[in-house]
Trainee: 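Pasting a structure here, questions to come.
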Amino acid sequence: MRKKSAVHWLSRLPCPLPGHIFSSRATGDVREALRTQSRRDWETFLELRARELRAGGQLVVLGGASADDGSSAAEGLMDAADGVLGDLVRQKELMPDEYARMTVPTWNRTEEEFLAPLRTGPVSDAFRVEEHTLVALPDDLLERFARGGDAQEFADEVTVFFQAAFLPSLFSSLAPGRSDAEVDALTAAFATGLRDRAAAEPEAVETHWHFVALRLTRR
């Protein structure tokens, strides 16, 4: 059995995402371009797994997802991070062109977007869908804070999570000439900004990450 948990990351960004770092905030043609790239990546993933698996082999996939309206339930955290980056631009610590290139290169598919190529298309005959479900994870950090936790500790944990998961992608857009010291200073400034926002308004960065779990059998 093969398990995969990162299929919501895109193989490439088809276009810049103006005004925000997170794909669920995209609109119009940009949103459609991201959705199209996500569909192609998902179809390619399934085609490759179909080549690898023998008949009867099973594939379990856990991928970042969204509700039917396209929301991932992590928009508050992403809005806070985007706001911090905007502050750094205004403080002239981050260049506007660097910020303009910053995008978390993911697309959280709806459950229907996960299932569509398994119903029609080139891989529809390759797999049988045994199980599928959409789940929303609890916000363990916020729940612990609500039970009498410390706001600063909560903010620290949120910031550490965001930095580990997303900051490398965002900071890959920094100008190549930046020194290590500059990058370190920018990293520290970002962490301070996000920590301050999360401590001041913990509920604003609440997350209930959505995931789709699939179990497929190779025909």
Side-chain angles (χ1 to χ4, degrees), residues 3-47 49 59-85 102-121 123-124 127 129-143 158 161-170 194 197-198 202-216:
K3 297 181 180 180
K4 196 72 175 177
S5 61
V7 293
H8 51 291
W9 290 82
L10 299 175
S11 64
R12 57 179 290 273
L13 281 172
C15 58
L17 176 57
H20 210 284
I21 60 171
F22 196 46
S23 58
S24 71
R25 293 307 194 197
T27 60
D29 291 344
V30 173
R31 187 173 185 84
E32 287 309 307
L34 291 166
R35 192 196 315 275
T36 297
Q37 183 64 50
S38 171
R39 187 191 71 243
R40 290 172 178 165
D41 287 350
W42 179 227
E43 289 174 349
T44 297
F45 174 86
L46 291 172
E47 289 169 0
R49 302 296 80 77
L59 172 68
V60 175
V61 180
L62 181 66
S66 67
D68 290 343
D69 64 0
S71 63
S72 70
E75 280 73 19
L77 174 60
M78 292 299 181
D79 288 348
D82 188 72
V84 172
L85 293 170
M102 288 183 173
T103 305
V104 176
T106 59
W107 178 265
N108 290 355
R109 301 176 185 88
T110 64
E111 191 170 10
E112 179 55 35
E113 287 172 335
F114 272 104
L115 293 172
L118 296 162
R119 291 172 172 160
T120 60
V123 296
S124 58
F127 291 103
V129 179
E130 304 289 359
E131 297 178 80
H132 63 88
T133 187
L134 173 67
V135 297
L137 301 182
D139 190 330
D140 293 335
L141 299 180
L142 189 62
E143 289 179 4
V158 167
F161 162 75
F162 187 94
Q163 286 181 291
F166 305 114
L167 207 61
S169 293
L170 296 175
L194 186 57
R197 285 179 179 243
E203 292 78 8
V205 296
E206 182 175 7
T207 58
H208 292 282
W209 292 99
H210 286 47
F211 286 86
V212 157
L214 292 165
R215 184 166 65 89
L216 312 175

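Predicted model, so just to flag it, every value in this text is computed and none were measured. Worth knowing before you read on, the calculation uses all heavy atoms, side chains too, and leaves out hydrogens, waters and symmetry mates.
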Trainee: Looking at CD of Glu206 and CG of Leu141, how far apart are the two atoms once the value is rounded to the nearest 0.5 Å?
Mentor: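 Going from the CD atom of Glu206 to the CG atom of Leu141 covers 11.0 Å.
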Trainee: So how far is it from Trp209 CH2 to Asn108 CG, rounded to the nearest 0.5 Å?
Mentor: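 With rounding to 0.5 Å, CH2 (Trp209) is 7.0 Å from CG (Asn108).
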Trainee: Please step through side chain to side chain contact (heavy atoms under 4.5 Å, CB included) for the pair Arg35 and Glu32, ending with a clear verdict.
Mentor: CA-CA 5 Å; Arg35 192 196 315 275; Glu32 287 309 307; 3.1 Å; yes
Trainee: Just by distance, with hydrogens left out, do Asp68 and Thr110 show a side-chain donor and acceptor under 3.5 Å apart?
Mentor: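 The answer is no; no qualifying pair exists.
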Trainee: Side chains of Ser66 and Ser71: does their closest heavy-atom pair fall under 4.5 Å?
Mentor: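 Answer no - side chains too far apart.
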Trainee: With side chains defined as the heavy atoms from C-beta onward, is the minimum distance between Glu43 and Val123 less than 4.5 Å?
Mentor: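 They are not in contact (no side-chain heavy atoms under 4.5 Å apart), so the answer is no.
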Trainee: State, with a plain yes or no, whether a side-chain heavy atom of Ser124 is found less than 4.5 Å away from one of Leu118.
Mentor: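 Ser124 does not reach Leu118 side chain to side chain.
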Trainee: Shortest non-hydrogen contact from Pro117 to Leu46?
Mentor: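 Closest pair (atom of Pro117, atom of Leu46, distance): CG-CD1, 4.0 Å.
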Trainee: Could you report the tightest heavy-atom contact between Ala65 and Phe114, atom names first, then the distance?
Mentor: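 The pair with the smallest heavy-atom distance is CB-CE1, 4.1 Å.
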Trainee: Quick one: closest heavy-atom pair of Ala26 and Leu17, and the distance?
Mentor: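 Closest approach of Ala26 to Leu17, heavy atoms only: CB-CD1, 3.3 Å.
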Trainee: Side chain to side chain contact (heavy atoms under 4.5 Å, CB included) between Leu62 and Val212: does it pass, once the steps are laid out?
Mentor: CA-CA 6 Å; Leu62 181 66; Val212 157; over 6 Å; no
Trainee: Closest approach of Gly64 and His8, non-hydrogen atoms and distance?
Mentor: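 The pair with the smallest heavy-atom distance is N-ND1, 3.0 Å.
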Trainee: Between Arg119 and Glu112, is there a side-chain N and carboxylate O pair less than 4.0 Å apart?
Mentor: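 So Arg119 pairs with Glu112 through a salt bridge.
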Trainee: Heavy atoms, side chains only, cut-off 4.5 Å: are Leu194 and Phe162 in contact?
Mentor: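 Heavy-atom side-chain distance check passes, below 4.5 Å.
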Trainee: Please answer whether the main-chain N or O of Ser72 pairs with a side-chain N or O of Ser24 as donor and acceptor at a distance below 3.5 Å.
Mentor: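 A pair under 3.5 Å: no.
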Trainee: Using a cut-off of 6.0 Å, state whether more than 12 heavy atoms not belonging to Asp29 lie near its atom CG.
Mentor: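 Not more than 12 within 6.0 Å, no.
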Trainee: Between Arg197 and Val84, does the side chain to side chain contact (heavy atoms under 4.5 Å, CB included) criterion hold? Intermediate values first, please.
Mentor: CA-CA 8 Å; Arg197 285 179 179 243; Val84 172; 3.5 Å; yes
Trainee: State, yes or no, whether a side-chain contact exists between Trp107 and Arg39 at a heavy-atom distance under 4.5 Å.
Mentor: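 In short, these two side chains do not touch, never coming nearer than 4.5 Å.
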Trainee: Please determine whether a side-chain nitrogen of the Lys or Arg among Arg12 and Asp41 lies less than 4.0 Å from a carboxylate oxygen of the Asp or Glu.
Mentor: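 Between Asp41 and Arg12 there is no salt bridge, as every charged N stays at least 4.0 Å from the carboxylate O atoms.
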Trainee: Is any side-chain heavy atom of Leu137 closer than 4.5 Å to a side-chain heavy atom of His208?
Mentor: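 When only atoms from C-beta onward are counted, His208 and Leu137 do not touch, as no gap falls below 4.5 Å.
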Trainee: Can you confirm whether His20 sits close enough to Asp79 that some side-chain heavy atom of one is under 4.5 Å from a side-chain heavy atom of the other?
Mentor: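 SC-SC contact between His20 and Asp79 confirmed.
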Trainee: May I ask you to test the Thr106-Phe22 pair for a side-chain heavy-atom distance under 4.5 Å?
Mentor: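 Yes - at least one pair of side-chain heavy atoms lies under 4.5 Å apart.
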Trainee: Mind checking the CG-OG1 spacing from Asp139 to Thr207? Nearest 0.5 Å is all I need.
Mentor: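 Taking CG in Asp139 and OG1 in Thr207, the distance rounds to 4.0 Å.
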Trainee: Classify the side-chain pair Arg109/Ser38 by whether it contains a donor and acceptor separated by less than 3.5 Å.
Mentor: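 Side-chain D/A pair, Arg109 to Ser38: present.
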Trainee: For residues Ala73 and His210, report the shortest heavy-atom separation together with the two atoms involved.
Mentor: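 Looking at all heavy atoms of both residues, the shortest contact is CB-CE1, 3.3 Å.
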Trainee: Report the C-alpha distance between Val60 and Leu214 in whole Å, list the side-chain angles of each, state the deciding distance to 0.1 Å, and finish with yes or no for side chain to side chain contact (heavy atoms under 4.5 Å, CB included).
Mentor: CA-CA 6 Å; Val60 175; Leu214 292 165; over 6 Å; no
Trainee: Heavy atoms only: give me the nearest Ala33-Pro14 pair and the separation to one decimal.
Mentor: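 Taking every non-hydrogen atom into account, O-CG, 3.5 Å.
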Trainee: Over 60° means perpendicular and under 30° means parallel, so classify the ring planes of Phe45 and Trp42, tilted if in between.
Mentor: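 Parallel, since the angle between the ring planes stays under 30°.
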Trainee: Picking from Leu34, Leu13, Ile21, Leu10, what satisfies side chain to side chain contact (heavy atoms under 4.5 Å, CB included) with Thr103?
Mentor: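 Between Thr103 and the candidates, side chain to side chain contact (heavy atoms under 4.5 Å, CB included) is satisfied uniquely by Leu13.
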